[in-house]
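Report on the structure given below.
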Amino acid sequence: MVQQECGAQRLRFSLLGPLGIENEGRAVAPGPPQQQAMLAALLLRAGRAVTLCELIGALWGEEPPSSAVTILRTYAWRIRQRLPAPEGTEPAVQLLASIGDGYRLSVPPESVDAHRAERLGAAAARAWRQGRQEECAGLLADALSLWQGEPLAGVPGPLAETERSRLAELRLTLAEQRFAVDLARGRHHVLVSDLTAFVREHPLRERSYGFLMQALCAAGRQADALAVFARARRTLDEELGLAPGPELSELHGRILAGDPALLAPVAAVPSAAPSAAPSTASDGSVRPAQLPPDISDFSGRAEAVRELAEALAGADRSALAVVSISGMGGIGKSTLAVRVAHRIRDRYPDGQLHADLRGSSGEPADAGAVLGSFLGALGVAAADLPRAVEDRSRLLRSLLDGRRVLLLLDDARDHEQLRPLLPGSADCGVILTGRTRLAGLSAHAHVDLEVFAADEALELLRQVVGGARVADEPAAAVELVELCGGLPLAVRIVAARLAARPRWALARLVAALTDERHRIDRLRAGSLAVTTVFEHGYRQLNGVQAYAFRTLAPFTWPTIALDAAAAALGLGREDAEEVLESLVDAALLESPRPGRYRYHELLRNYAEQRLVDRGRPPVAARLLRFLLSGAVAAFQWAVPGDPAGTTFAVERASRFADLPEARAWLVREFDGIAHAIGVALRSAADPALLGAAADLLVACSAFGRDVPSARLASVAREVAEAAELAGDDRAAGRARFVCGNVALQATRLDEAREHTTRAAEACRRADDTVILRQTCNDLGVIALFQQRHADAVRSFDQALVLARHLGHRSGALATALNAALARLRNGDAAEAVAICDEELRALRDAPDSHGAAHALGIRGRALHELGRHEEALATYGECLELCRAARLPRQEAMTRYRRADTLRAVGRLDEALAQARSAVAHLETARDGERDRAYALEVLARTEAELGDRAAAAEHAARAYELLSSLGLPEAAELREFRDRVRSEG
């Protein structure tokens, strides 16, 4: 193990044998095997963040348990208990830190023996190139001394298996480098026994036979050297079906010829050391050049190209350089890989190999066939090809050892397909592409491609069709790439179609793609087709995956939560998560954050084409029931005690901890709720869906402007029209009530009156008393605003009777006070005072600060109208005290401008001015306070006018008029006259 300072603690980690931890010389138990696998994954990336996805792949590969995340969190907690806090920090500070959804182990790489071994190997190569043989030998000896047995012995998981093979190969490579250095130093007598044992243990490593033959010749034992060659030829033939390679055969010939140079120490270069000048395969071996041609109109991806090229071009590597690119079909993985390969091909002068592994198709390429193709490109005759895949893989590694060759492996399916194709030499480089990031693969750099940004998509369009055409129709160009969803393949297809039709306007193709039903089929140009790319991934799905992919597509917008998806699919949460995550792995679904999923727009179109319509009604019903359960629970927090909460068509409501949590859920899910209702109405004939949809809308309406009112009204109108067509009065009445309530909140009074009147009629027919009470109350408010005071009194009285019948105390209080206000405005101020007094007496037994403040405010206004100004001022004073004590700032501001009006009436103008200004100051910042702000400004303007400040009065009157006019309130006409009079007098 290797020792390294880590703050005040001396921590050492060993991977080159059983996984071990030492803290200040004391062994620390690393925990059970799977916990060791997680620690190993973190140590192999010491100092770097490791995502949960990477850790899951490292421990379980393609089939993680449903509780994988929970297990990893537990392992992280246990690992933290075993590691000390860094020196000079609080005990809570841990070496293992949470980063994003993963973890980072903040220990120096030198504290991990595997990293130390790699660095020592690279340093040895540098020392050799600079002629420092003794130092090179010492560094290699230090590196080899770190191995304590089989690397990661007993550690399970795909990553451990891969790293076990890689680290074992690294040890053999370093050992061969040590042999080469010792031969060059003339230590052939010592080497013979070591090499004999090494060749016996590793009989298929051809290079080691050459070292032993050279050591024997230098020791004067040519006959033994020839016998070693005979043994090598026999072993290679029996095990691999191969003859010795050119290098070993040449050495054999030199021994037979008695080459005197073999009697002296042999100058050999460790294979990890790059040559002084680029190799051009001058040894006579074949130099393949199989890269596909680069494309001239490549655009975007500048940062990805830079990152991948730098990872592949880095010098002094001690391990194979691998970079990977993942992303959905049509995202441009292959195009990017080819661009990067051409960018750095000069760094790999011994050739480039390319294979399409067809991992996204139904028939992925056979690794043995790919190996046969590679070996043939490297000069191996077909008759000499080994039969077994593993033998071909070993031969490829042998042929590439010490050579700088770049492999481009496109569209990989999984790690199992890739494993035989990877070289063992640190001098080689590999570019991989695949739909998803491969579990267990250790890569120097990885890029998960996203769709094009708008400017990248437009640049590709310009490159293909010409900048002039794009400049002539800029809006159409933007819309075109938006319709392509930023998918590079789709953009290239529309660009190719336009390029082939120079007389077409861009707007013509925009019109053709606007219809979602046919968009996916029209994204085709020659052999290029988006459908074909998507089809490859879809055909690999099993029945459950394909059902989920098709079924959720219409309802997932913009995203869908895991719980909602599980309800729609009729699956348990864990089963649904497994299915959805498998679709993410297949790059057919995206997970923008844990627990939420979405489709690329074109994949949604593709999925919907494969949807069987008769499957939608039960899905829609299950999803709406789930959403209604959450919305009802949220409604009960927003308006506790409202009898509507007992009338919703839901068996069991979800639970939230408090109102903020309930509000956050409803706001987050509202777009999905609105979309799901729309899809359900268009695709299903189940009458029960109308009732669920209407109830959902009523529940959402309780959150006022927390939800987009225009969207709420639009969906409510759809439900109302569908319910009226189906003769469902209950659903129609509830949906019309929502339409009217939204219009009322926006003071679109005529529209509100029409919807609410129709809602009341439908509710009466359906005997929906709860919503009828609310519609009667809303009709009264509308009448008040329109100054139809007698109508307002009648509507409020009807609502009050219904509220008392329902036992809805808070509703009865609100309606009674509304009725008092209506009577006040209808000229019956004394009756208004009586109603307020009655309600205030009732509130003594059931305190309600908001209701009491409202009652006191109306009582003060009624007393003002009766000319009982001192009583009004006293009532307003009591109201202000209550508002301050109960923290009701909005009602406090309203009380202040009403009190200011009374103070103005009794001539206490300075006090009135101060009260009005205070009210205006608060209402200027209040949310949705336009109407009360206008009233406060009016009182302020009238007070200023009486004080003689005509300019200020005119300004404030004008602002009040603008607000009342924008709200469509009748008071605006009277205020306009006042404003004009003040202006003329000024």
**OP:** Could you check V939 against T943 for side-chain contact (heavy atoms from CB on, under 4.5 Å), going step by step and ending with a plain yes or no?
**Re:** CA-CA 6 Å; V939 173; T943 304; 4.2 Å; yes

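- Checked against Y897 for a side chain to side chain contact (heavy atoms under 4.5 Å, CB included), the options L923, L937, V920 give a single hit: L923.
- Checked by atom type and distance alone, the side chain of D642 never pairs as donor or acceptor with a backbone atom of G645 at under 3.5 Å.
- Of all non-hydrogen atoms in A752 and L744, the two that sit nearest each other are CB-N, 3.6 Å.
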**OP:** Determine, step by step, whether V667 and F703 satisfy the side-chain contact (heavy atoms from CB on, under 4.5 Å) criterion, reporting the C-alpha distance in whole Å, the side-chain angles of both residues, the deciding distance to 0.1 Å, and the verdict.
**Re:** CA-CA 9 Å; V667 170; F703 287 85; 5.9 Å; no

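- Salt-bridge annotation for R736 and E754: absent, with no side-chain N of the basic residue lying under 4.0 Å from a carboxylate O of the acidic one.
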Can you give the donor-acceptor pairs under 3.5 Å from side chains of residues 689-702 to other protein atoms, not counting sequence neighbours?
| unit_1 | atom_1 | unit_2 | atom_2 | d |
| --- | --- | --- | --- | --- |
| D695 | OD1 | R730 | NH1 | 3.3 |
| D695 | OD1 | R730 | NH2 | 3.2 |
| D695 | OD1 | R734 | NH1 | 2.9 |
| D695 | OD2 | A649 | N | 2.7 |
| D695 | OD2 | R730 | NH2 | 3.3 |
| S701 | OG | V698 | O | 2.6 |

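- For residues 962-980, the set of pairs meeting the side-chain hydrogen bond (donor to acceptor under 3.5 Å, both in side chains) definition, not counting sequence neighbours, comprises Y935-E971.
- Pairs of residues two or more places apart, or lying in two chains, that qualify as salt bridge (charged side-chain N to carboxylate O under 4.0 Å, His left out) and include a residue from residues 907-918 are R908-E911.
- Side-chain contact between Q915 and D901 is absent, with no heavy atoms from C-beta onward closer than 4.5 Å.
- The shortest heavy-atom contact between L772 and A760 is CD1-O, 3.7 Å.
- Taking 4.5 Å as the limit, every side-chain heavy atom of Y597 sits out of range of all side-chain heavy atoms of T556.
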Check: residues 821-829 side-chain donor-acceptor pairs under 3.5 Å, at least two apart:
| unit_1 | atom_1 | unit_2 | atom_2 | d |
| --- | --- | --- | --- | --- |
| R823 | NH1 | D797 | OD1 | 3.2 |
| R823 | NH2 | D797 | OD1 | 3.3 |
| R823 | NH2 | D797 | OD2 | 2.9 |
| D828 | OD1 | E831 | N | 3.3 |

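- The aromatic ring centres of F978 and Y961 sit 6.0 Å or more apart.
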Original post:
Does the side-chain contact (heavy atoms from CB on, under 4.5 Å) test come out yes or no for D767 and T769, once each step is laid out?
Top reply: CA-CA 6 Å; D767 197 24; T769 310; 3.7 Å; yes

Subject >> salt bridge (charged side-chain N to carboxylate O under 4.0 Å, His left out) between E839 and R809, worked out >> reply: CA-CA 11 Å; E839 295 301 327; R809 176 68 190 118; 3.3 Å; yes

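- With T646 contributing its side chain and P643 its backbone, the two residues share a donor-acceptor pair below 3.5 Å.
- Partners of H808 under the ring pair (Phe, Tyr, Trp, His ring centres under 6.0 Å) rule, at least two apart in sequence or in another chain, do not exist in this structure.
- Residues forming a ring pair (Phe, Tyr, Trp, His ring centres under 6.0 Å) with F796 (at least two apart in sequence, or on another chain): none.
- The main-chain N or O of H922 is found under 3.5 Å from a side-chain atom of T925 such that the two form a donor-acceptor pair.
- Residue A853 comes nearest to L882 through the heavy atom pair N-CD2, 3.5 Å, listed as atom of the first residue, atom of the second, then distance.
- A distance-only check finds a donor-acceptor pair linking the side chain of S795 to the backbone of D791 [under 3.5 Å].
- Taking the side-chain contact (heavy atoms from CB on, under 4.5 Å) definition, one finds that R868 meets it with L863, L866, E871, sequence neighbours left out.
- E892 has no carboxylate O lying under 4.0 Å from a charged side-chain N of R887, or vice versa, which leaves the two without a salt bridge.
- The side-chain hydrogen bond (donor to acceptor under 3.5 Å, both in side chains) contacts involving residues 853-865 comprise D837-R859, R859-T875, H864-T902, where partners must be two or more places apart or lie in separate chains.
- Here the shortest heavy-atom pairing between C836 and L817 reads SG-CD2, 4.2 Å.
- Distance alone, capped at 3.5 Å, is enough to place a donor-acceptor pair between the E661 side chain and the A657 backbone.
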Original post:
Can you list the steps and then say if E751 with R717 is a salt bridge (charged side-chain N to carboxylate O under 4.0 Å, His left out)?
Top reply: CA-CA 12 Å; E751 178 187 341; R717 191 175 295 109; 3.7 Å; yes

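- Side-chain contact between H755 and R748: absent, with no pair of heavy atoms (C-beta onward) separated by less than 4.5 Å.
- In terms of the ring pair (Phe, Tyr, Trp, His ring centres under 6.0 Å) criterion, residue partners of W665 (sequence neighbours excluded) are, by chain and number, F656.
- Heavy atoms of other residues, nucleotides or ligands lying less than 6.0 angstrom from NE2 of H850 number 12 at most.
- Interatomic distance, CG of L623 versus CG of L628, reported as 11.0 Å (0.5 Å rounding).
- Residue G740 comes nearest to T756 through the heavy atom pair CA-OG1, 3.5 Å, listed as atom of the first residue, atom of the second, then distance.
- Judged by distance alone, with hydrogens and angles left aside, the side-chain atoms of H956 form a donor-acceptor pair with the main-chain N or O of A952 at under 3.5 Å.
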**OP:** In sequence, state the C-alpha distance, the side-chain angles, and the governing distance for F737 and Q774, and then conclude on side-chain contact (heavy atoms from CB on, under 4.5 Å).
**Re:** CA-CA 8 Å; F737 159 71; Q774 297 188 24; 3.0 Å; yes

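- Under the 3.5 Å distance criterion, the side-chain polar atoms of S629 are left unmatched by any main-chain donor or acceptor of R625.
- Ion pairing between a basic and an acidic side chain is recognised when a charged N comes within 4.0 Å of a carboxylate O; E938 and R898 show no such pairing.
- Exactly one residue among L666, I673, I677 makes a side chain to side chain contact (heavy atoms under 4.5 Å, CB included) with L627. That residue is I673.
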What donor-acceptor contacts under 3.5 angstrom involve side-chain atoms of residues 560-569, with partners at least two apart or in another chain?
| unit_1 | atom_1 | unit_2 | atom_2 | d |
| --- | --- | --- | --- | --- |
| D563 | OD1 | R573 | NE | 2.7 |

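- Residues Q745 and V742 are not in side-chain contact: their nearest non-hydrogen atoms beyond the backbone lie 4.5 Å or more apart.
- Using a 3.5 Å distance cut-off with no hydrogens or angles, the side chains of Q786 and D750 do pair a donor with an acceptor.
- Side-chain N or O atoms of T747 include one that pairs as donor or acceptor with a backbone N or O of L967 at under 3.5 Å.
- Listed by chain and residue number, P592, R596, R598 satisfy the side-chain contact (heavy atoms from CB on, under 4.5 Å) test with T559 (two or more places apart in sequence, or in another chain).
- Side-chain contact between L903 and R899: present, with at least one pair of heavy atoms (C-beta onward) separated by less than 4.5 Å.
- The two residues G860 and Y876 make their nearest non-hydrogen contact at C-OH, 3.3 Å.
- Contact annotation: the side chain of R682 approaches that of E718 to within less than 4.5 Å [non-hydrogen atoms, C-beta and beyond].
- Atom CG in N818 sits 12.5 Å away from atom SG in C776 (nearest 0.5 Å).
- Remark: E946 pairs with R904 by the side-chain hydrogen bond (donor to acceptor under 3.5 Å, both in side chains) rule, at least two apart or across chains.
- Under 4.0 Å is where a charged nitrogen must lie from a carboxylate oxygen, and between E721 and R758 no such pair does.
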